[in-house]
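See structure below.
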Amino acid sequence: MGQKLAKLESSFSKPISLHYGVVLTGGIACGKSSVGEILRARGFEIICADSIAHRVLEESASTLIDIFGESIADFDSKSLGVINRKALGEIVFSDPAKRALLESITHPHIHAQIIAKACGLEARKRWYFLDIPLFFESGGRVRYGVDVVVCVSAKEKLQLARLMQRSALSLSQAKARVRAQMPLEQKIAQSDIVIDNNSTLAALNSKVDFMLHTLTTRA
């Protein structure tokens with residue numbers, strides 16, 4: 001598995017230019033997935049970095065268990081080599097060094113698989129979206145070769161409430177996950193389009209439509 005993924009990564013060592021790829025990024029629990037669902041309903045392809053990351057975790061399970069311990073293995077699962085992501089999260093979000101170690105193992109493979117999918121979509125010559133929560137943290141425009149970045153934002157109080165509800169976290173655990181990322185203000189400053197998701201789903205739909213209109217005017 002390691003050699004296969006390493007080969008994928010090395011095949012994209014040269015600069016990539018994705019003319020039709022639009023990045024969706026933003027803070028944790030700001031609503032990137034909701035924006036992605038709206039875009040799917042409108043017929044757009046979405047490359048989801050989180051889905052790819054989950055697959056890479058399973059592909060790297062034996063290595064990660066050796067490094068981080070058997071507490072991250074999901075022994076209750078009928079499948080072998082399954083990572084308990086909540087247990088792994090508790091380890092890495094409380095220790096920046098361990099989080100950096102995890103990212104050094106998984107990010108190259110995640111990046112390679114994202115680029116492979118994106119190159120397949122480029123031939124269609126139609127907008128598609130790359131949902132990459134850690135876009136700026138993992139290399140940004142230089143590494144991904146995109147022209148347009150859309151940042152989905154929300155007030156921190158709302159982020160924390162959504163995160164606690166979604167992942168059954170305590171307030172301190174939710175804050176640790178928010179603070180582990182680049183400050184949202186920095187992501188907004190480096191983005192081309194910002195979608196504020198502090199209101200209703202209907203409002204979010206309207207903002208997505210306006211974003212699509214903005215993309216059309218940039219074409």
How many angstroms lie between atom [atom1] of [X] and atom [atom2] of [Y], to the nearest 0.5 angstrom?
X	Y	atom1	atom2	result
Ile132	Ile110	CD1	CD1	10.0 Å
Leu160	Arg177	CG	CZ	12.0 Å
Lys86	Ser167	NZ	OG	8.0 Å
Ser33	Asp131	OG	CG	5.5 Å
Lys98	Phe93	NZ	CZ	14.5 Å
Phe129	Thr25	CZ	OG1	14.0 Å

Any donor-acceptor pair under 3.5 Å from [X] side chain to [Y] backbone:
X	Y	answer
Thr217	Thr214	yes
Asn197	Cys30	yes
Ser60	Leu57	no

- Note on the structure: So side-chain hydrogen bond (donor to acceptor under 3.5 Å, both in side chains) across residues 155-164, not counting sequence neighbours, yields Glu156-Arg179
- Give every residue pair that meets the side-chain hydrogen bond (donor to acceptor under 3.5 Å, both in side chains) criterion with at least one member in residues 202-211, sequence neighbours excluded. Arg42-Asn205, Arg42-Asp209
Can you sort out the partners of [X] under side-chain contact (heavy atoms from CB on, under 4.5 Å), two or more places apart, ordered by chain and number?
X	answer
Glu37	Arg40
Ala203	Ser199, Thr200
Leu101	Ile67, Phe68, Ser104, Ile105

- Under the 4.5 Å side-chain heavy-atom rule for ILVMFWY, direct or indirect, which residues accompany Ile188? Leu184, Val194
- Give the minimum heavy-atom separation between Gly31 and Val152, together with the two atoms involved. C-CG1, 3.9 Å
Return all side-chain donor-acceptor pairs below 3.5 angstrom for residues 114-126, not counting sequence neighbours, or 'none' if the list is empty.
| unit_1 | atom_1 | unit_2 | atom_2 | d |
| --- | --- | --- | --- | --- |
| Glu122 | OE1 | His19 | N | 3.1 |
| Glu122 | OE2 | His19 | N | 3.4 |
| Glu122 | OE2 | Tyr20 | N | 3.1 |
| Glu122 | OE2 | Tyr128 | OH | 2.6 |
| Arg124 | NH1 | Glu45 | OE2 | 3.1 |
| Arg126 | NH1 | Gly43 | O | 3.1 |

- hydrophobic_cluster_shared for Ile52 and Val23, side chain cutoff 4.5 Å: yes
So, using side chain to side chain donor-acceptor pair (under 3.5 Å) as the criterion, who are the partners of [X] when residues are at least two apart?
X	result
Asp192	Arg141
Glu90	none
Ser153	Asp196
Ser170	Ser172, Gln173

- Do Phe135 and Arg143 have side chains that get closer than 4.5 Å, going by heavy atoms? no
- Just jot down the salt bridge (charged side-chain N to carboxylate O under 4.0 Å, His left out) partners of Lys187, sequence neighbours excluded, or say none. Glu137
